[in-house]
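What follows is a single structure, written as structure tokens, with notes after it.
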Number of protein chains: 2
Amino acid sequence: MGLIKSEIFTDEQNELALFAKAFGHPARVAILQHLFKINSCVCGDLVHEIGLAQPTISQHLKELKNLGLIKGNIEGTSVCYCIDSKNWSGMKETMFEFLNQDTAKENCC
Amino acid sequence: MGLIKSEIFTDEQNELALFAKAFGHPARVAILQHLFKINSCVCGDLVHEIGLAQPTISQHLKELKNLGLIKGNIEGTSVCYCIDSKNWSGMKETMFEFLNQDTAKENCC
DNA sequence: TTTGTATATTGCAATATTACGATTAATAAT
DNA sequence: ATTATTAATCGTAATATTGCAATATACAAA
């Protein structure tokens, strides 16, 4: 199959999984870290910085963009990609809620 | 290819991606939420709770166990799975550092 | 208009993931 | 000993992901 049965899970579970999946590849982690580091970016830099072929980087950027975590502004012949702060904050909220489930719990084993 | 080029990324980037990938499937999200909720669990409950076949749940549990996020104690004929609090905290630290990169940054676009 | 530069898209091969039926292993109950 | 119960493993089909070469697109510069 290879097909996730999304219909049996809640919207929250599916949303969180989609966000997490975005971070589930080291290239996308590296892209986001680089975008934060220089606070503005063109794709060309990323190809050089990360060491994957241009189509591959472009594909990863597209995924992050579709999720809303980054946005791209065309500037002449190149594209300025950067973090979408508002959406990043929203995503963080979702992740924090999930990650902090352990507070106020005792261990059983 | 379908093969991640881990060797071109840092250990931190690869580790974070592995943790994130664990949350990148709604079934594993649901499993972890359920484990937190009842604070102790046997696999059978999860099969009933989540609605996937027993081998599928077992496989997801194995992945979470391999990552160290949960541990399983055999109790008679069933297995008691629960969160590994220590490792969960460590994972949280890693994720928080990544998610909080945006603090102390100004927007560019 | 041609040439160069930067990014996106297409097509494809290789590998990974998801899901489950069938089976196995291990213990509990009778 | 036999049977029932629970969970792991095996095998396999279907789908997804990763990565890149080739190509297309879009704009700038000459």
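Only a predicted model underlies this, so the values are computations on that prediction, with no experimental measurement involved. All values below were derived from every heavy atom in this structure, side-chain atoms included, with hydrogens, water molecules and symmetry-related copies excluded. Chain letters run A, B, ... following the sequence lines, proteins first, then strands; residues in each count from 1.
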- Query: Taking only residues two or more places apart in sequence, or in another chain, which ones meet B:Asp84 in a side-chain hydrogen bond (donor to acceptor under 3.5 Å, both in side chains)?
  - Reply: B:Asn87
- Query: Contact class for B:Val47 vs. all strands (heavy atom < 4.0 Å): base, sugar-phosphate, or nothing?
  - Reply: nothing
- Backbone N/O of B:Thr94 and side chain of B:Glu97: donor-acceptor pair under 3.5 Å: no
- A:Ser89 meets the side-chain hydrogen bond (donor to acceptor under 3.5 Å, both in side chains) criterion, sequence neighbours left out, with none
- Would you indicate what B:Thr56 reaches in the nucleic acid, counting non-hydrogen atoms under 4.0 angstrom: base, sugar-phosphate, or nothing? base
- Pairs flagged by salt bridge (charged side-chain N to carboxylate O under 4.0 Å, His left out) wherever residues 40-52 of chain B is involved - sequence neighbours left out: none
- Contacts of B:Lys62 meeting side-chain contact (heavy atoms from CB on, under 4.5 Å) (sequence neighbours excluded), chain-then-number -> B:Asn66
- Query: Base, sugar-phosphate, or nothing for B:Ser78, non-hydrogen atoms under 4.0 angstrom?
  - Reply: sugar-phosphate
- Note on the structure: Assert: residue with more 5' nearest nucleotide on DNA chain C, out of B:Gly24 and B:Glu75, is B:Gly24
- Contacts of type side-chain contact (heavy atoms from CB on, under 4.5 Å), residue B:Ile74, not counting sequence neighbours: B:Val79
- Item | side-chain contact (heavy atoms from CB on, under 4.5 Å) partners of B:Leu3, counting only residues at least two apart | none
- Note on the structure: Under a 4.0 Å heavy-atom criterion, DNA chain C is touched by chain A from C:dT5 to C:dC20
Between protein and nucleic acid, restricted to nucleotides 25-27 of chain D and to nitrogen or oxygen atoms under 3.5 Å apart, what atom pairs and distances do you find?
none

- Item | Touch class at under 4.0 angstrom, heavy-atom based, for A:Ile57 against every strand present | nothing
- Expected string for nucleotides 10-16 of chain D under the B/S/- scheme (protein heavy atoms, under 4.0 Å, primed atoms plus P, OP1, OP2 as sugar-phosphate) is ---BBBS
- Kindly state which residues belonging to residues 25-35 of chain A come within less than 4.0 angstrom of DNA chain D, counting heavy atoms of the residue only, listed by number. A:His25, A:Arg28
- Message: At less than 4.0 Å, is any side-chain N or O atom of B:Tyr81 found next to OP1 or OP2 of D:dT6? Yes or no.
- Response: no
- For B:Lys92, which residues count as a side-chain contact (heavy atoms from CB on, under 4.5 Å) partner, sequence neighbours excluded? A:Leu99, A:Asn100, A:Asp102, A:Thr103, B:Trp88, B:Phe96
- Query: Considering residues at least two apart in sequence or located in another chain, which fulfil the side-chain hydrogen bond (donor to acceptor under 3.5 Å, both in side chains) criterion with B:His60?
  - Reply: B:Arg28
